Q: 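Supplied in structure tokens, the structure appears directly below.
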Amino acid sequence: MIPRLLRHPVWQPKDPAQGRGRGVLLIPGFGFGDHSLSLTGRWLRARGYRPLGARIGMNIGCATTLRDRIERRLEQHAEATGGRVVVLGQSRGGWLGRLAAVRRPDLVRGLVMLGSPVRDPLGAHPRIVRVARRLARLSMLGVPGLLTADCFTGTCYRTNSAALAQHLPPDVPAVSVYSRNDSIAPWRLCEDPDAEGVEVHSSHTGMGLDPEFYAAVEPRLAEWARDDLPSVRSA
């Protein structure tokens, strides 16, 4: 899919200053690191945005711990860029970004979720859920930095499930990208009632390499970048 994307007209920037320096935080999916969104970062930089990786490793840790790390990363990037940041997350990264947006709308200008099952994160393909539960068992044996049993049934699960059910603040527009070809996150679970739904035709992992995604999200990002907002420093 990469050669197809690089040959597509959507890869060529029409306006290198489109982003006006707007910060973008990129949050990878479950089991992937920041490198998985490196092409997305290149595409954004070519248009004048300032993308930054979330630095949450392979995104296999406790959801509450990762959410807190994402919030700190947002604070840093908002301070560095002087304004609220766009959050762009794939799969688990999307709903973690949504949790951060609900808690800290003062830091988030807009939210883009790719294949993110916000209606029920445990409704992903059973194979993925089984892997996650194995990680939780390893955590019980003392392996650090992994999901815990609390993320499935305890306070962590209940707190974050309730937060995902909350409405996004009205000044945080959102886009939820989904595909009926997605064999990992059922597309109906990606229908966020507070987000504009955008359908593409890629696989789950291929969404960030799909020209349809970039063509759909570019005008929305440009709109968010155009708005003159109070800087974080002055606010």
Side-chain angles (χ1 to χ4, degrees), residues 1-2 4-6 8-15 18-19 22-30 32 36-44 46-47 49 51 54 84-102 105 108-121 123-125 164-227:
M1 295 184 68
I2 293 176
R4 174 172 171 256
L5 173 62
L6 298 184
H8 197 279
V10 77
W11 186 256
Q12 304 304 320
K14 298 182 180 67
D15 179 8
Q18 177 193 104
R22 175 73 64 179
V24 182
L25 187 70
L26 301 174
I27 310 176
F30 179 74
F32 290 87
S36 65
L37 291 171
S38 59
L39 279 178
T40 305
R42 281 178 54 188
W43 184 87
L44 289 164
R47 285 154 182 78
Y49 298 91
R84 293 193 295 169
V85 175
V86 173
V87 175
L88 190 157
Q90 185 161 17
S91 193
R92 191 187 194 212
W95 63 257
L96 286 173
R98 193 188 194 284
L99 291 177
V102 167
V108 180
R109 174 62 187 96
L111 173 66
V112 179
M113 299 172 285
L114 288 76
S116 300
V118 293
R119 288 186 176 271
D120 180 13
H125 192 283
L164 279 176
Q166 290 183 32
H167 288 295
L168 286 167
D171 61 342
V172 179
V175 175
S176 179
V177 183
Y178 65 89
S179 172
R180 295 171 198 257
N181 299 326
D182 192 330
S183 61
I184 302 297
W187 70 274
R188 290 198 178 276
L189 296 184
C190 302
E191 289 187 304
D192 190 317
D194 295 324
E196 177 187 0
V198 172
E199 182 175 5
V200 297
H201 300 87
S202 70
S203 66
H204 181 77
T205 56
M207 225 171 260
L209 302 175
D210 189 344
E212 283 186 305
F213 157 65
Y214 292 97
V217 79
E218 183 165 19
R220 291 145 175 100
L221 291 173
E223 178 184 349
W224 300 345
R226 277 195 302 269
D227 292 348

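Hydrogens, waters and symmetry mates play no part in the numbers below; they use all other heavy atoms, side chains included. Note that the coordinates shown come from a computational prediction; the quantities given were computed from them, not determined experimentally.
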Q: Hey, does the side chain of Tyr178 reach the backbone of Pro117 with a donor-acceptor pair shorter than 3.5 angstrom?
A: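 No, Tyr178 side chain to Pro117 backbone: no donor-acceptor pair under 3.5 Å.
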
Q: Using a 3.5 Å distance criterion without hydrogens, assess whether the side chain of Arg42 forms a donor-acceptor pair with backbone atoms of Ser38.
A: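 No; zero donor-acceptor contacts below 3.5 Å.
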
Q: Is there a side-chain contact between Val87 and Ile27, using heavy atoms and a 4.5 Å cut-off?
A: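 A side-chain contact exists here, since the closest heavy-atom pair is under 4.5 Å.
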
Q: Counting only N and O atoms by type, is there a donor-acceptor contact under 3.5 Å from the side chain of Arg109 to the main-chain atoms of Ala225?
A: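 No, Arg109 side chain to Ala225 backbone: no donor-acceptor pair under 3.5 Å.
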
Q: Considering all heavy atoms of both residues, which atom of Pro186 and which atom of Ala124 are nearest to each other, and what is their separation?
A: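 Reported closest heavy-atom pair: CD-CA, 4.3 Å.
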
Q: What pair of heavy atoms forms the shortest contact from Ser91 to Gly29, and how long is it?
A: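 Nearest heavy atoms, Ser91 then Gly29: CB-CA, 4.2 Å.
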
Q: Check whether any side-chain heavy atom of Ser203 lies under 4.5 Å from a side-chain heavy atom of Asn181, and answer yes or no.
A: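 No, too far: nothing below the 4.5 Å cut-off.
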
Q: Taking the side chain as C-beta and beyond, is there a heavy-atom pair between Cys190 and Met113 under 4.5 Å?
A: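 No; the side chains remain at least 4.5 Å from each other.
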
Q: Kindly indicate whether the side chain of Ser176, heavy atoms from C-beta on, has any atom under 4.5 Å from the side chain of Val118.
A: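 Ser176 does not reach Val118 side chain to side chain.
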
Q: Is there a side-chain contact between Arg22 and Leu221, using heavy atoms and a 4.5 Å cut-off?
A: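 Contact flag for Arg22/Leu221 side chains = no.
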
Q: Restricting to non-hydrogen atoms, name the atom on Leu88 and the atom on Thr40 that form the minimum distance, rounded to 0.1 Å.
A: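 For Leu88 and Thr40, the tightest heavy-atom pair comes out as CD1-CG2, 4.2 Å.
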
Q: In terms of ring plane angle, is the pair Trp11 and Tyr214 parallel, tilted or perpendicular, where the classes change at 30° and 60°?
A: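 Aromatic pair Trp11/Tyr214 classed perpendicular.
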
Q: Which heavy atom of Val172 sits nearest a heavy atom of Gly110, and at what distance?
A: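 Scanning both residues completely, I find the closest heavy atoms to be CG1-CA, 4.4 Å.
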
Q: Are Leu39 and Leu209 packed together at the side-chain level, in the sense that at least one heavy-atom pair is separated by less than 4.5 angstrom?
A: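 Counting from C-beta outward, Leu39 and Leu209 do come under 4.5 Å.
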
Q: Would you call Glu218 and Lys14 a salt bridge, taking side-chain N to carboxylate O under 4.0 Å as the test?
A: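 No, Glu218 and Lys14 are not salt-bridged.
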
Q: Ignoring hydrogens and angles, tell me if any N or O in the side chain of Arg119 forms a donor-acceptor pair with the backbone of Glu191 under 3.5 Å.
A: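 Pair found, side chain donor or acceptor close to backbone of Glu191.
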
Q: Any side-chain heavy atom of Glu196 sitting closer than 4.5 Å to one from Pro173?
A: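 No, every pair of side-chain atoms sits at 4.5 Å or beyond.
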
Q: Looking at Leu111, Val112, Val24, which hits side-chain contact (heavy atoms from CB on, under 4.5 Å) with Trp224?
A: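 The option that passes is Val112.
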
Q: A side-chain contact here means heavy atoms from C-beta on lying under 4.5 Å apart; do Val102 and Leu168 qualify?
A: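 Yes, at least one pair of side-chain atoms sits under 4.5 Å.
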
Q: Heavy-atom count around Phe30 CZ within 6.0 Å, excluding the residue itself: above 12?
A: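 Count over threshold, so yes.
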
